[in-house]
Amino acid sequence: MDLNMLRLLFDYRGRISGREFLAGTVIVFAALGYCVVQYLDNAANMALMVRSGIERFTAYSINYQYWAGFVPSLVPAWFIISYTSFVLALKRIRSLEADRSAGIFCGVLNFAFYASLLALVKYPWLSNAYPGAYGEGLSPMALTVLVALLVLGIINILFLGRGPRSDVPKDSGRLNPMQFTLKTGLVMAITAAVSAAVGALVAFIPLLLLLLEDLAVQVVLGVAGLVPVVFYVKYAVCRLRDAGLSVGWIAVLPAFVVLTGLKFWVGMSFPQAFPACTFAYSFLLSFFLLAQSLLFLLPSRKATI
């Protein structure tokens with residue numbers, strides 16, 4: 001593992017630059033993404049079993065309690081989010097020569113940003129999937145508070161991430177952990193900003209929903225959605241070369257997509273086999289997320305492949 005990246009995330013001592021703070025923020029954001037992926041997977045499983053009937057849903061819920069211990073937990077990812085959000089803020093505030101109480105305050109805002117973002121990601125899906133149970137789960141006041149925390153968190157990240165940017169040497173087909181993290185973070189930020197802008201337009205201009213039903217528009221959006229994936233694959237290949245690993249590692253990504261489609265096909269075609277398929281998939285999903293997270297932490301190697 002790259003010791004500099006590990007110290008950045010978990011060592012509360014020392015000071016960090018704005019560039020290092022942003023790199024740590026990208027990794028924390030990725031950990032949050034892993035939580036969202038696993039949550040949505042479990043929520044989709046529950047919704048599919050609900051549609052199969054109350055008896056099958058009950059059987060699935062009981063079996064899940066028996067075998068859930070075999071599926072790696074989300075606790076490590078949420079620990080990284082909560083602990084590292086405070087550590088990054090404290091070290092960054094220390095470098096700005098500010099009071100320790102300011103570091104604690106910025107750490108709270110940092111954590112509140114990730115927690116509110118996770119809640120806002122869950123809300124629309126739960127509201128649409130289970131309107132009877134979740135349609136009134138969040139009041140307008142609660143939504144306002146979550147949005148306010150999200151905005152304050154973004155301002156806090158921009159404030160702590162400011163500062164001079166050191167020149168990053170151009171890679172020759174390689175990216176070290178810091179370069180890969182920052183480039184991936186830029187792709188994530190642009191994707192999130194565009195997605196938020198599109199979502200806001202659709203929310204305030206309902207007529208745009210009619211455009212989304214057009215096949216040509218769906219194709220354009222689908223192609224546009226592949227753009228960040230292409231950049232991620234490109235950066236991942238450069239990172240693997242830098243770490244001295246085979247670029248075949250990237251094959252995990254399409255394999256995961258195929259497994260996802262296979263799981264839901266089994267759920268629709270063979271409901272009785274769905275619980276066993278779900279547990280196998282959830283187990284493999286954890287290892288897939290672990291494989292992706294290693295790209296942030298693998299040390300550079302001089303040897304070529």
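Position 1 is the first residue of the sequence, and the numbers go up from there. The figures that follow rest on heavy atoms only: side chains count, while hydrogens, waters and symmetry mates do not.
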What's the verdict on side chain to side chain contact (heavy atoms under 4.5 Å, CB included) for Arg13 and Lys91, showing C-alpha distance, side-chain angles and the deciding distance? CA-CA 7 Å; Arg13 298 167 297 181; Lys91 291 196 290 188; over 6 Å; no
Under 3.5 Å, is there a donor-acceptor pair between the Ser300 and Asp242 side chains? yes
How long is the gap from CG on Leu160 to OG on Ser17, to the nearest 0.5 Å? 12.0 Å
Between Ser85 (side chain only) and Ser82 (backbone N and O only), is there a donor and an acceptor less than 3.5 Å apart? yes
Apply side chain to side chain contact (heavy atoms under 4.5 Å, CB included) to residues Phe113 and Ile157 and explain how you reach the verdict. CA-CA 9 Å; Phe113 165 75; Ile157 290 173; 3.8 Å; yes
Compare every heavy atom of Arg92 with every heavy atom of Gly18, then report the nearest pair and how far apart it is. N-CZ, 3.4 Å
Taking Phe296 as the starting point, is it possible to reach Leu182 by hopping between hydrophobic residues whose side chains are less than 4.5 Å apart? yes
Going by heavy atoms in the side chains, are Leu88 and Leu8 under 4.5 Å from each other? yes
Please report the shortest heavy-atom distance between Leu90 and Gly103, naming the atom on each side. CD2-C, 3.7 Å
Smallest separation among heavy atoms of Leu295 and Ala236, with atom names: CD1-CB, 4.0 Å
With under 30° as parallel and over 60° as perpendicular, where do the rings of Phe10 and Tyr83 fit, or are they tilted in between? parallel
Side chains of Leu143 and Leu120 in contact at under 4.5 Å (non-hydrogen atoms): yes
If hydrophobic clusters are built by linking Ile, Leu, Val, Met, Phe, Trp and Tyr wherever their side-chain heavy atoms come under 4.5 Å apart, do Val151 and Leu149 end up in the same one? no
Within a radius of less than 6.0 Å around CZ of Phe105, do more than 12 heavy atoms belonging to other residues, nucleotides or ligands occur? no
Is any side-chain heavy atom of Phe21 closer than 4.5 Å to one of Asn110? yes
Do Val187 and Lys183 make a side-chain contact, defined as non-hydrogen atoms from C-beta onward lying under 4.5 Å apart? no
In terms of hydrophobic clustering (I, L, V, M, F, W, Y; side-chain heavy atoms under 4.5 Å; direct or indirect links), are Tyr235 and Leu298 co-clustered? yes
Side-chain touch Thr25/Tyr114, heavy atoms, less than 4.5 angstrom: yes
Working to the nearest 0.5 Å, report the span between CG of Asn4 and CG of Asn176. 9.5 Å
Flag, side chain of Ser95 to backbone of Ile16, donor-acceptor distance under 3.5 Å: yes
Polar side-chain atom of Arg239 near backbone of Leu175 as donor-acceptor pair, under 3.5 Å: yes
Salt bridge between Arg15 and Glu20, side-chain N to carboxylate O under 4.0 Å? no
Quick check on the hydrophobic clustering: are Val145 and Ile155 connected, directly or via other members, by side-chain heavy-atom contacts under 4.5 Å? no
With the side chain counted from C-beta on, respond yes when Leu297 and Leu9 share a heavy-atom pair under 4.5 Å apart, and no when they do not. yes
So, do Tyr232 and Thr184 sit near enough that their side-chain heavy atoms are less than 4.5 Å apart? yes
Between Phe29 and Met188, is any pair of side-chain heavy atoms under 4.5 Å apart? yes
Within the distance-only criterion (no hydrogens, no angle test), does the side chain of Arg94 pair as donor or acceptor with the backbone N or O of Gly14 below 3.5 angstrom? yes
Using the side-chain contact (heavy atoms from CB on, under 4.5 Å) definition, which of the options Ile27, Leu117, Ile80 pairs with Leu32? Leu117
May I ask you to decide if Cys238's main-chain N or O and Arg174's side chain share a donor-acceptor pair within less than 3.5 Å? no
Would you find a donor on one side and an acceptor on the other, under 3.5 Å apart, between the side chain of Arg162 and the backbone of Phe159? yes
Least distance between heavy atoms, Ala119 atom then Leu146 atom: CB-CD1, 4.0 Å
ILVMFWY cluster, Ile104 and Leu109 together (side-chain gap under 4.5 Å): no
